[in-house]
J.: 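Sharing a structure, written as structure tokens. Questions coming.
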Amino acid sequence: MEEINELIEQRIKKLEELRQSGIEPFGSSFYAENHASELLNKFDTVKRETLEANPVLCSLAGRIISMRDFGKAAFAHIQDATGKIQVYFKKDILGEKHLLLKKLDIGDIIGLKGRLFRTKTNELTVEVNDFILLTKSLRPLPEKWHGLKDIEIRYRQRYVDLIVNPEVHQTFAKRSTIIKAIRDFFESKDFIEVETPMMQLIPGGAVAKPFKTHHTALGIDLYLRIAPELYLKRLLVGGYEQVYELNRNFRNEGISTKHNPEFSMLEFYIAYRDYHFLMSFTEELITYVADTILGTLKIPYGDAIINLTPPWPRIPMLDALMQKGVPPEIFNDRERAKAWAEANNIEIKEGAPLGKILDEIFKEIVEPELIQPTFIIDHPVELSPLAKSKPDNPALAERFELFIAAREIANAFSELNNPIEQRQRFLAQVEARAEGDEETDWMDEDFIRALEYGMPPAAGEGIGIDRLVMLLTNSQSIRDVILFPQLKPE
RNA sequence: GGGCCGUUAGCUCAGCUGGUAGAGCAGCUGACUCUUAAUCAGCGGGUCGGAGGUUCGAAUCCUCCACGGCUCACCA
């Protein structure tokens with residue numbers, strides 16, 4: 001995209017003038033010894049007189065984000081990865097080099113050396129005694145006062161958003177520490193992190209429309225994975241007892257404040273445990289992460305304060321429905337369930353089985369109320385073709401979903417490890433698909449074969465990382481926690 | 001995909017029932033050696049998202065299109 005306006009032309013002109021005077025506008029390395037917030041923290045309480053008596057020399061590299069020029073002296077703020085600090089250019093000190101200031105613009109990246117001092121207003125500042133242009137910036141940055149607000153530009157040109165909106169920089173730094181805390185937690189519990197295929201012949205482990213791609217050399221179509229589940233369970237067959245994978249899934253569905261086509265998912269499996277164990281484990285995981293990142297279990301989200309202090313209520317799905325006035329008579333009767341739903345203005349697709357109807361009702365009348373952490377447990381088994389059913393009630397699965405802030409954060413179950421039953425469940429799904437239900441699992445013969453070798457009883461769980469990050473950063477849109485969210489082309 | 005809202009200078013925004021397109025910041029020229037939204041004086045900067053239409057005349061009214069936001073539907 002060639003786009004020339006007056007402001008860019010002026011900067012290109014300066015760049016050429018710099019070249020002519022022997023200054024390379026795109027420099028090479030500069031090893032700064034300090035960072036902005038490091039200096040600000042370290043000398044926070046050091047008085048002006050102390051800095052005068054015992055000079056502190058330092059060096060910095062960063063972007064000029066503001067400039068107040070007095071001709072023979074100038075103040076600027078320099079921003080690096082850690083924050084910003086004021087610097088002071090003075091002609092008496094810089095001599096000839098002071099002329100170079102005229103060719104600098106806001107946005108340029110410089111390296112500098114100098115001495116710390118405090119201004120009249122007591123701001124810790126670097127008095128520059130030498131500096132070098134490291135990168136000439138050709139595009140003007142957004143205005144200092146209002147910043148960059150245009151949401152479209154913020155997402156499309158995230159680099160600009162990150163330069164001018166410090167809270168965005170912080171959010172993504174926090175995302176990184178959240179993911180690190182999760183990995184630390186699993187490390188401490190002796191899990192191993194694994195990587196399983198993102199390109200799959202059969203997009204299994206969840207119900208979603210996949211992306212399709214093509215491998216030219218093999219001459220086959222492949223799907224981007226919608227979940228790693230079936231591969232992780234193959235690893236349980238292979239003898240690993242505790243595995244996790246934290247990586248991208250891809251679903252070819254709508255985009256919204258809660259959905260991006262590619263999103264990060266944590267999935268983990270532990271042998272010889274069941275879903276009851278996982279509920280306590282999940283409480284431990286989430287509270288560990290929240291406490292590590294935020295230092296508290298009472299976190300603000302939107303208008304609410306969410307209290308993560310365990311234990312969290314564990315409510316059977318059908319009980320939750322009854323508490324909201326859904327008559328239990330419909331729980332075993334598809335026609336009555338459908339009639340009740342439609343009488344209550346809940347849209348039900350033609351041919352939806354009983355479990356899905358109950359799920360629709362749940363999403364409509366229960367889910368919006370689940371602000372504080374709540375485990376909803378024991379879903380209809382037909383919603384959970386990969387989960388073990390309850391011994392005392394085969395219509396229900398040993399499954400839970402964790403809801404926080406009216407959103408599903410985690411989904412887990414005792415894994416079905418009976419290959420004969422798993423085959424029947426797949427076949428039922430395939431049949432449903434043949435009858436027009438697109439929301440079904442696919443048959444995966446190799447997965448059945450793996451189960452036939454014997455998979456230990458196990459519990460498995462998936463946690464949507466983007467939504468967890470939203471929760472812990474008080475973000476209302478998934479696009480605020482994904483660096484480059486999917487948008488239509490410009 | 002449906003509904004509602006938005007798109008004007010590099011950025012943030014005004015622009016009334018149609019009558020020559022504005023401000024602040026940023027930029028340019030000059031002054032100024034402790035400013036921090038620096039200050040003071042002067043100057044430049046626009047395909048008003050795109051294409052049609054109505055009109056003597058459209059940023060403004062109408063239609064279509066594009067992109068974005070919110071929301072509903074599907075999902076995590």
Side-chain angles (χ1 to χ4, degrees), chain A residues 3-11 13-14 48 65-77 84-94 98 101-102 105-107 117-123 125 127 137-157 160-161 163-164 205-210 226-227 248-267 346-347 349 356 359-360 363-364 367 401-403 407-411 438-439 462-468 470 476-479 485 487-490:
Chain A
E3 174 198 328
I4 294 295
N5 67 46
E6 189 190 357
L7 300 175
I8 294 177
E9 271 174 5
Q10 283 165 353
R11 287 174 178 232
K13 184 162 166 264
K14 285 180 189 169
R48 174 181 296 119
I65 56 164
S66 66
M67 174 81 85
R68 294 165 294 283
D69 186 6
F70 296 87
K72 295 195 182 65
F75 287 91
H77 274 93
K84 60 178 182 176
I85 187 169
Q86 183 168 256
V87 302
Y88 181 48
F89 299 94
K90 198 176 179 188
K91 194 178 180 189
D92 292 349
I93 295 173
L94 290 165
H98 198 77
L101 271 187
K102 286 234 174 263
D105 286 295
I106 289 169
F117 77 109
R118 284 192 182 277
T119 63
K120 271 186 190 167
T121 53
N122 219 33
E123 179 166 350
T125 303
E127 182 184 75
S137 166
L138 299 182
R139 282 181 186 268
L141 286 175
E143 189 219 327
K144 60 187 169 191
W145 193 236
H146 298 91
L148 179 63
K149 291 191 170 167
D150 186 311
I151 288 180
E152 186 172 354
I153 301 179
R154 286 189 44 223
Y155 294 152
R156 286 193 197 282
Q157 302 184 48
V160 181
D161 192 26
I163 291 169
V164 301
V207 172
K209 269 185 243 158
I226 56 175
R248 223 66 69 81
N249 287 349
F250 307 86
R251 297 190 185 176
N252 204 344
E253 288 164 354
I255 297 179
S256 76
T257 47
K258 299 180 196 67
H259 304 267
N260 196 60
E262 52 180 310
F263 62 102
S264 294
M265 185 81 147
L266 165 70
E267 278 202 23
I346 299 167
E347 203 178 314
K349 277 191 192 160
K356 268 186 190 158
D359 192 42
E360 290 298 327
K363 281 181 177 168
E364 190 66 29
E367 188 173 311
E401 290 178 293
L402 169 64
F403 291 89
R407 271 179 218 149
E408 184 188 334
I409 296 289
N411 178 25
E438 288 189 2
E439 299 172 13
I463 295 181
I465 294 300
D466 308 284
R467 289 183 177 181
L468 182 64
M470 285 170 69
Q476 300 304 314
S477 170
I478 199 168
R479 299 183 197 98
L487 299 175
K488 285 194 188 180
E490 284 181 74

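Bear in mind the structure is a predicted one, so any value in this text is a computation, not a measurement. Each chain gets a letter, A, B and so on, in the order its sequence line appears, and its residues count up from 1.
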J.: Under 4.0 Å, heavy atoms only, any strand: does A:K90 hit a base, just the sugar-phosphate, or nothing?
T.: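 Counting heavy atoms under 4.0 Å across all strands, the contact made by A:K90 includes a base.
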J.: Could you work out the separation of B:C48 and B:C11 based on their P atoms and round it to a whole Å?
T.: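 Taking atom P in both B:C48 and B:C11, they lie 15 Å apart.
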J.: Hey, does A:E347 reach any base, or is it just sugar-phosphate, or nothing, if we go heavy atoms under 4.0 Å?
T.: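 Nothing, no heavy atom under 4.0 Å.
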J.: Could you tell me how far B:U29 sits from B:A37 if I compare only their C1' atoms? Round to whole Å.
T.: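 Between the two C1' atoms, the distance is 22 Å.
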J.: Taking only the C1' atom of each, what is the distance from B:C13 to B:G6 in whole angstrom?
T.: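 So the two C1' atoms sit 14 Å from each other.
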J.: What integer number of Å spans the C1' atoms of B:C25 and B:U39?
T.: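 Between the two C1' atoms, the distance is 15 Å.
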J.: For RNA chain B, whose closest nucleotide is more 5', that of A:S477 or that of A:N411?
T.: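 This one resolves to A:S477.
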J.: Side chain to side chain donor-acceptor pair (under 3.5 Å) with A:E152: which residues, sequence neighbours excluded?
T.: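 A:E152 satisfies side chain to side chain donor-acceptor pair (under 3.5 Å) with A:R156 once adjacent residues are dropped.
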J.: Using a cut-off of 4.0 Å on non-hydrogen atoms, how would the nucleic acid contact of A:D359 be classed: base, sugar-phosphate, or nothing?
T.: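 Nothing, no nucleic acid heavy atom in range.
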J.: Searching all strands shown, indicate the nucleotide that pairs with B:C70 (Watson-Crick or G-U wobble; both distances under 3.5 Å).
T.: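 Pairing partner, where one exists within any strand: B:G3.
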J.: Using ring-ring contact (aromatic ring centres under 6.0 Å, His included), reason through A:Y88 and A:F117 one step at a time and then give a plain yes or no.
T.: CA-CA 10 Å; A:Y88 181 48; A:F117 77 109; 5.7 Å; yes
J.: Any strand counts, and the cut-off is 3.5 Å on both contacts for Watson-Crick or G-U wobble. Which nucleotide pairs with B:A23?
T.: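 When the pairing criteria are applied, B:U12 turns out to be the nucleotide that pairs with B:A23.
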J.: Rounded to whole angstroms, how far apart are CG on A:L148 and P on B:C11?
T.: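 Those two atoms, CG and P, are 8 Å apart.
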J.: Taking ring pair (Phe, Tyr, Trp, His ring centres under 6.0 Å) as the test, write out the residues that go with A:Y155, two or more places apart.
T.: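 For A:Y155 there are no ring pair (Phe, Tyr, Trp, His ring centres under 6.0 Å) partners, ignoring immediate neighbours.
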J.: What contact category does A:K84 fall into here, base, sugar-phosphate, or nothing, at under 4.0 angstrom with non-hydrogen atoms?
T.: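 No contact at all - A:K84 keeps every heavy atom at 4.0 Å or more from the nucleic acid.
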J.: Could you give the NZ-to-P distance, from A:K363 to B:C72, as a whole number of Å?
T.: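 Rounded to the whole Å, the gap is 14 Å.
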J.: The side chain of A:I478 lies closest to which of these nucleotides: B:C32, B:A76, B:U35?
T.: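 When the side chain of A:I478 is considered, B:A76 is the closest of B:C32, B:A76, B:U35.
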J.: For A:H98 and B:C32, what is the distance between atoms NE2 and C1' respectively, to the nearest whole Å?
T.: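 Spelled out: NE2 on A:H98 to C1' on B:C32 is 11 Å.
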J.: Counting only heavy atoms not in A:K84 (residues, nucleotides, ligands), do more than 12 fall under 6.0 Å from its NZ?
T.: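 Atom NZ in A:K84 is not crowded, with 12 or fewer foreign heavy atoms closer than 6.0 Å.
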J.: For the side chain of A:K72, counting heavy atoms from C-beta on, which of B:C32, B:U35, B:C74 is nearest?
T.: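 Looking only at side-chain atoms, A:K72 lies closest to B:C32.
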J.: What does A:Y88 touch in the nucleic acid at a heavy-atom separation under 4.0 angstrom: a base, only the sugar-phosphate, or nothing?
T.: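 Base contact - A:Y88 has a heavy atom under 4.0 Å of at least one base atom.
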J.: Within the pair A:R139 and B:C11, is there a side-chain N or O less than 4.0 Å away from OP1 or OP2?
T.: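 The answer is no; no side-chain N or O of A:R139 sits under 4.0 Å from OP1 or OP2.
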J.: Rounded to whole angstroms, how far apart are NZ on A:K102 and C1' on B:A31?
T.: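 It is 10 Å, rounded to the nearest whole Å.
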J.: Any idea which heavy atoms bring A:A74 and A:M67 closest together, and the distance?
T.: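 Answer, listing the atom of A:A74 first, then A:M67: CB-SD, 4.2 Å.
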J.: Between B:U20 and B:G57, how far apart are the P atoms? Round to whole Å, please.
T.: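 15 Å, rounded to whole Å.
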J.: What is the distance from CG of A:D69 to C1' of B:A31, rounded to the nearest Å?
T.: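 Result: 11 Å.
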J.: Mind checking who B:G44 pairs with, Watson-Crick or G-U wobble, both distances under 3.5 Å?
T.: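 Here B:G44 is not engaged in any pair, so there is no nucleotide opposite it.
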J.: With the threshold set at 4.0 Å, does a side-chain nitrogen-carboxylate oxygen contact exist between A:D150 and A:R154?
T.: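 A salt bridge is absent here (no side-chain N lies under 4.0 Å from a carboxylate O).
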J.: Provide a list of protein-nucleic acid N or O atom pairs under 3.5 angstrom, restricted to nucleotides 22-24 of chain B.
T.:
residue: B:G24; atom: N2; partner: A:E143; partner atom: OE1; Å: 2.9

J.: If each of A:M67 and A:L7 is mapped to the nucleotide of RNA chain B with the nearest heavy atom, which maps nearer the 5' terminus, i.e. the 5' end?
T.: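 Closer to the 5' end of RNA chain B: A:L7.
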J.: Considering every strand shown, what is the Watson-Crick or G-U wobble mate of B:U63 when both distances are under 3.5 Å?
T.: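 Looking at the geometry, B:U63 pairs with B:A51.
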J.: Side chains of A:Q86 and A:R68: do they bring a donor and an acceptor to under 3.5 Å?
T.: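 A:Q86 vs A:R68: donor-acceptor pair found between side chains.
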J.: For the residue pair A:R11 and A:D105, establish whether any side-chain heavy-atom pair is separated by less than 4.5 Å.
T.: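 They are in side-chain contact.
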J.: When you compare B:A9 with B:G49, how far apart are their P atoms, in angstrom units rounded to a whole number?
T.: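 Comparing P positions in B:A9 and B:G49 gives a spacing of 8 Å.
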J.: Taking any heavy-atom pair under 4.0 Å as a contact, classify A:R156: base, sugar-phosphate, or nothing.
T.: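 Sugar-phosphate, backbone atoms only, no base.
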J.: Within this structure, what is the CD1-to-P distance between A:I153 and B:G6, rounded to whole angstrom?
T.: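 Rounding to the nearest Å, CD1 of A:I153 and P of B:G6 are 18 Å apart.
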J.: Is there a side-chain contact between A:F75 and A:T119 in this structure, where contact means two heavy atoms from C-beta onward sitting under 4.5 Å apart?
T.: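 Yes, close enough: below the 4.5 Å cut-off.
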J.: Under 4.0 Å between any heavy atoms, over every strand shown, what does A:F117 touch: base, sugar-phosphate, or nothing? Just pick one.
T.: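 It contacts base atoms.
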J.: What is the pairing partner of B:U17, taking Watson-Crick or G-U wobble pairs with both distances under 3.5 Å in any strand?
T.: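 Looking at the geometry, B:U17 pairs with no nucleotide.
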J.: Taking OP1 and OP2 of B:C67, is either one under 4.0 Å from a side-chain nitrogen or oxygen of A:K488?
T.: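 A:K488 to B:C67 OP1/OP2: side-chain N or O found under 4.0 Å.
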J.: Taking the P atom in each of B:A51 and B:C5, what is the distance between them to the nearest angstrom?
T.: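 Rounded to whole Å, the distance is 24 Å.
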J.: Nearest to the A:Q86 side chain among B:U35, B:G69, B:C34, which nucleotide is it?
T.: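 Per side-chain heavy atoms of A:Q86, the pick is B:U35.
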J.: Ignoring backbone atoms, establish whether A:R11 has a side-chain N or O less than 4.0 Å from OP1 or OP2 of B:C28.
T.: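 No.
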J.: Across the strands shown, which category fits A:G147 at heavy-atom distances under 4.0 angstrom: base, sugar-phosphate, nothing?
T.: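 It contacts sugar-phosphate atoms only.
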J.: Roughly how many Å is it from CD1 in A:I93 to P in B:C34, rounded to a whole number?
T.: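 After rounding, the reported distance stands at 13 Å.
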J.: Just call it for A:L487: base, sugar-phosphate, or nothing, with non-hydrogen atoms closer than 4.0 Å on any strand.
T.: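 Sugar-phosphate contact only - A:L487 comes under 4.0 Å of backbone atoms but never of a base.
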J.: Is the base of B:C32 stacked against the aromatic ring of A:F70, taking ring centres under 5.5 Å apart and planes under 30° as the test?
T.: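 One would not call A:F70 stacked on the B:C32 base.
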J.: So, taking the atom named NZ in A:K209 and the one named CD in A:E253, what distance separates them when rounded to the nearest 0.5 Å?
T.: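 CD of A:E253 is found 6.0 Å from NZ of A:K209.
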J.: Decide yes or no for A:R467 and A:F263: does some side-chain heavy atom of the first lie under 4.5 Å from some side-chain heavy atom of the second?
T.: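 Sidechains of A:F263 and A:R467: no contact.
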J.: When all nucleic acid strands are considered with a 4.0 Å heavy-atom cut-off, which category describes A:R479: base, sugar-phosphate, or nothing?
T.: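 Since only primed, P, OP1 and OP2 atoms lie under 4.0 Å of A:R479, the category is sugar-phosphate.
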J.: Tell me: CE of A:M470 to P of B:A76, nearest whole Å?
T.: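 Value for this atom pair: 15 Å.
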J.: Report the nucleotide, chosen from B:C13, B:C28, B:A26, that has the shortest atom-to-atom distance to any side-chain atom of A:K14.
T.: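 Closest nucleotide among those given: B:C28.
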J.: Base of B:U7, side chain of A:E152 - is there a donor-acceptor contact under 3.5 Å?
T.: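 Flag unset: no donor-acceptor pair detected.
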J.: Is there a side-chain contact between A:T257 and the phosphate of B:U71, meaning an N or O under 4.0 Å from OP1 or OP2?
T.: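 For B:U71, OP1 or OP2 has a side-chain N or O of A:T257 closer than 4.0 Å.
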J.: Select base, sugar-phosphate, or nothing to describe what A:E360 touches, counting heavy atoms under 4.0 Å on all strands.
T.: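 Sugar-phosphate contact only.
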J.: Do other residues, nucleotides or ligands put more than 12 heavy atoms under 6.0 Å from A:R248 CZ?
T.: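 Result for CZ/A:R248: open.
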J.: In whole Å, measure the gap between the C1' atoms of B:G44 and B:A21 for me.
T.: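 Between the two C1' atoms, the distance is 16 Å.
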